There are 2 protein chains.
Amino acid sequence: MPVAHDKMKKRLNADIQKPKIVKQFYKTILAQGFEGASVAKVAKQMQIHPSLILHYFGNKENLTLALVDYVIDAYGSLLKKFKSQDLTPEDRLERLLEALWSREYYEKIDVAGSFAVLAVSFRNEKIHHKIRELYRGLKKFLVREFTYLMDHQVVAAKDPAHMAEVVMTMTEGSRHFRRFIIEEESGDNGQIRRYNQQMMEAAWHYLTGKQKTWPTDPGFSAFPGTPFVR
Amino acid sequence: MPVAHDKMKKRLNADIQKPKIVKQFYKTILAQGFEGASVAKVAKQMQIHPSLILHYFGNKENLTLALVDYVIDAYGSLLKKFKSQDLTPEDRLERLLEALWSREYYEKIDVAGSFAVLAVSFRNEKIHHKIRELYRGLKKFLVREFTYLMDHQVVAAKDPAHMAEVVMTMTEGSRHFRRFIIEEESGDNGQIRRYNQQMMEAAWHYLTGKQKTWPTDPGFSAFPGTPFVR
DNA sequence: TATAATTAATTGAACGTTCAGTTAATTGTT
DNA sequence: AACAATTAACTGAACGTTCAATTAATTATA
């Protein structure tokens, strides 16, 4: 009969352990890249046996697919905020663009994680399909928003589907590009903040046809740069 | 005295062999991903010995750095076309946007290759720096163009550096996004063509403040640009 | 006791790298 | 033109690691 002592590890059921493994896999990818994220390393950091991971996921591909689901869930969760907000149409658009270029949004899933997943999507049709579904949902959401704002004379009368695609292109381009705009000497957050505002203003101009100088700095006052995964 | 027979393999000097290796490395990455592109696989496809690759490049990191240079060269080569063209300012802008969203441009370096390199750039400061230099050059070029076009009243009076960053964001976003807009059933070229035109029009609007409907390409004019959301 | 969670022990293949050795091409000297 | 000296291209075998995966055994929990 085993006696409980300090070092004894609690057994966790699958509902708890599986997400833990996926999150650690994600963290490992951020730190080491997809190539560097082996099952063994993930297990070691969790202090479990590598076989346990394979026990749960069968093979590495399934683990990767679970990770994609995790990334997609986190990615899409921000949209739920907009479900029932009571704002004037103009404020609504402002908030939407601020959300899309907020630090919270683009740090929710580290761009390095996105890249790893996207890179794999070129060779894995299942993953490619999952990402396409993500974008489809995002687009649907934006089309609904833009249609509403069009009815209220805030955005110009163009095809909302086109607008959605252009805005999505701009946000994804920003995720990509943000890392590379920083001047070596001056560096840091000021640049990125300026860049984000600049992109919001461009999006605003594209959508409404009007110039706008952005009033506040979104994401920075409300959320003091807390990365999502630690 | 060596007699030439069919199986005899010519010895190639470094100037020929090294670029060959880099190109095959690139091809292998496209097919197998960065993780899948081992020195051994590259060597096998070239029918040379793995050691030869290490002989030339010392280690895999150097091979990767050489690849990045190759990608960057190919990437930046299109800009040279614009060096001395004789066009009206308006045509010049039109051609520029067409070049940025041309199939030639975005197929020059397969986006899968870009992603592989970009993914590695998160973990390799040398590669990150190289890419930053690429963008710096691209930006410089665009700033010069936009300044010229501003002086000739074609683009609106904004900060040309901002404009350059926004346009670069849009092109990079397009590279990224293009793969995911395709509807499964209807598929392929018509969609991408429509998408590219749509992005060019958005860029034109952002730069000039004016609407523009892009002249349709003769080959594709049969297809009505139907957006894909249900 | 039955079942799920977890570890243990191994496997064979592939990885990047090393190093010593071989063969071809180039160069310098006569 | 001959030919040795030298350089450059290239191979082969083996190194120690790490990889994902399999199979069997053990342990905790319900």
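Just so you know, these numbers come straight off a predicted model, no measurement behind them. A note on names: the letters A, B, ... follow the listed sequences, proteins ahead of strands, and every chain is numbered from 1.
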Nearest-neighbour nucleotide for the A:Ile48 side chain, C:dT7, C:dG16, D:dT11 considered: C:dT7

Distance-only, no hydrogens or angles: does the A:Asn62 side chain make a donor-acceptor pair with backbone N or O of A:Leu65 under 3.5 Å? no

Would you say B:Tyr56 reaches D:dA8's phosphate, i.e. side-chain N/O to OP1/OP2 under 4.0 Å? no

Heavy-atom nearest nucleotide on DNA chain D for A:Ser51 versus A:Ala40: which residue maps closer to 5'? A:Ala40

Any base atoms under 4.0 Å from A:Lys18, or only sugar-phosphate, or nothing? Heavy atoms, all strands. nothing

Would you classify A:Lys44 as touching base, sugar-phosphate or nothing, given that sugar-phosphate means primed atoms plus P, OP1 and OP2, and contacts are heavy atoms under 4.0 Å? nothing

Could you check whether the rings of A:Phe177 and B:Tyr135 sit parallel, tilted or perpendicular, using 30° and 60° as the cut-offs? perpendicular

Whichever of B:Val39 and B:Asn13 has the more 5' nearest nucleotide on DNA chain C, that residue is B:Val39

Protein-nucleotide distance (A:Ile16, atom CD1; C:dA4, atom C1'), rounded to Å: 14 Å

Enter the distance from B:Leu142:CG to B:Lys140:NZ here, rounded to the nearest 0.5 Å. 13.0 Å

Closest to the B:Leu54 side chain: C:dT17, C:dC15, C:dT7? C:dT17

When rounded to whole Å, the NE2 to C1' distance for the pair B:His55 and D:dA9 reads 6 Å

For C:dT6 and A:Gln17 - does any side-chain N or O of the residue sit under 4.0 Å from the phosphate oxygens OP1/OP2? yes

From NZ of A:Lys60 over to P of D:dT22, roughly how many Å is that when rounded to an integer? 15 Å

Does B:Gln32 offer a backbone N or O that forms a donor-acceptor pair with the side chain of A:Arg123 under 3.5 Å? yes

Using whole Å, report how far NE2 of A:His49 lies from C1' of C:dA9. 8 Å

To the nearest angstrom, the NZ-C1' distance between B:Lys41 and D:dC19 comes to 12 Å

Quickly work out the B:Asp15 CG to C:dA25 P distance and round it to whole Å. 16 Å

Provide, to the nearest angstrom, the distance between the CD1 atom belonging to B:Ile21 and the P atom belonging to D:dT11. 10 Å

Rounded to whole Å, CD of A:Gln47 lies from C1' of C:dA5 at a distance of 17 Å

What's the separation between atom CE in B:Met199 and atom CD1 in B:Ile192, rounded to the nearest 0.5 Å? 13.5 Å

Of A:Leu52 and B:Gly58, the one whose nearest nucleotide on DNA chain C sits closer to the 5' end is A:Leu52

